[in-house]
Amino acid sequence: MKKIIFILIIIISCFGCKKDNLNDSDLLKTTWILSNIQDTKTQAITNYPSDAVKTISIEFTNSSNTIFFRGVCNVGSGTYTYSSRTDKIKVTDLITTEIYCKYYEWETYTVQNLYYASSYKIDGNDLVIYSNGEYNLHFTKN
């Protein structure tokens, strides 16, 4: 009987455990490089162009909840809120410079879908920002 109660306690306690024990350091103070985008309707993945001279990156700071954006030809910043407990994320007030260059559309995909960000998932060195817009954004830790 004691064994059954002990096993039940372990099983019940596991239901309350989060599958990923993420903490703030998993998201913050890391440069995340855009690797691909995923269409939210078809789930089709399009890789970032291999011939692009520069990468697109984001970085979440823990001071004043600022997100920095570095694109192919533009830079910017905004604010964010998130919860590592619920994996929810929201980006607001993202302002960037507006210089047109080759692969500018990738900057547009990134910025627009950061505005529609709803949640995120970190798996090792990979970050996915799920969007209520057109594309989920897939990043790799730099």
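Each residue takes its place number in the sequence, starting with 1.
- Across every non-hydrogen atom of Thr30 and Asp26, the tightest pair is OG1-O, 4.5 Å.
- Residues meeting the side-chain hydrogen bond (donor to acceptor under 3.5 Å, both in side chains) test with Glu105, sequence neighbours left out: none.
- Of all heavy-atom pairs between Tyr82 and Leu28, the closest is OH-CD1, 3.5 Å.
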Verdict with reasoning, Glu59 to Arg70, per side chain to side chain contact (heavy atoms under 4.5 Å, CB included): CA-CA 9 Å; Glu59 183 177 342; Arg70 290 174 199 84; 4.0 Å; yes

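- For Asp51, the side-chain hydrogen bond (donor to acceptor under 3.5 Å, both in side chains) test picks out Tyr103, with sequence neighbours left out.
- The environment of Tyr115 atom OH is dense: over 12 non-hydrogen atoms of other residues, nucleotides or ligands sit within 6.0 angstrom.
- With sequence neighbours excluded, the residues that form a side-chain hydrogen bond (donor to acceptor under 3.5 Å, both in side chains) with Thr66 are Ser64.
- With Ser57 as the fixed residue, the side chain to side chain contact (heavy atoms under 4.5 Å, CB included) test singles out one of Thr140, Asn142, Ile33, Thr110: Ile33.
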Decide side chain to side chain contact (heavy atoms under 4.5 Å, CB included) for Glu107 and Ile56; before the verdict, give the C-alpha distance in whole Å, the side-chain angles of both, and the deciding distance to 0.1 Å. CA-CA 7 Å; Glu107 291 184 0; Ile56 294 176; 4.1 Å; yes

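- Looking at residues two or more places apart in sequence or on another chain, you find a side-chain hydrogen bond (donor to acceptor under 3.5 Å, both in side chains) between Thr97 and Asn74.
- The distance from atom NZ of Lys141 to atom CG of Leu27, rounded to the nearest 0.5 Å, is 9.5 Å.
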For residues 124-134, run the donor-acceptor check on the side chains, cut-off 3.5 Å, and write out each pair with its distance to 0.1 Å, sequence neighbours left out.
unit_1 : atom_1 : unit_2 : atom_2 : d
Ser131 : OG     : Asn113 : OD1    : 3.0
Ser131 : OG     : Gly133 : N      : 2.7

The test is side chain to side chain contact (heavy atoms under 4.5 Å, CB included); show your working for Val53 and Val72 and say whether it passes. CA-CA 7 Å; Val53 177; Val72 178; over 6 Å; no

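- Within the 4.5 Å cutoff, no side-chain heavy atoms of Tyr120 are placed close to those of Ser83.
- Thr81 approaches Asn65 most closely through the heavy-atom pair CA-ND2, 4.3 Å.
- Panel note: side chain Ser35, backbone His138; a donor-acceptor pair is recorded below 3.5 Å.
- Inter-residue side-chain proximity for Lys29 and Asn62 is flagged as met; some heavy-atom pair is nearer than 4.5 Å.
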Just do the side chain to side chain contact (heavy atoms under 4.5 Å, CB included) check on Thr79 and Val91 with the steps written out, would you? CA-CA 6 Å; Thr79 56; Val91 176; over 6 Å; no

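- Sequence neighbours left out, the pairs with a member in residues 41-77 that pass ring-ring contact (aromatic ring centres under 6.0 Å, His included) are Tyr48-Trp106, Phe60-Tyr80.
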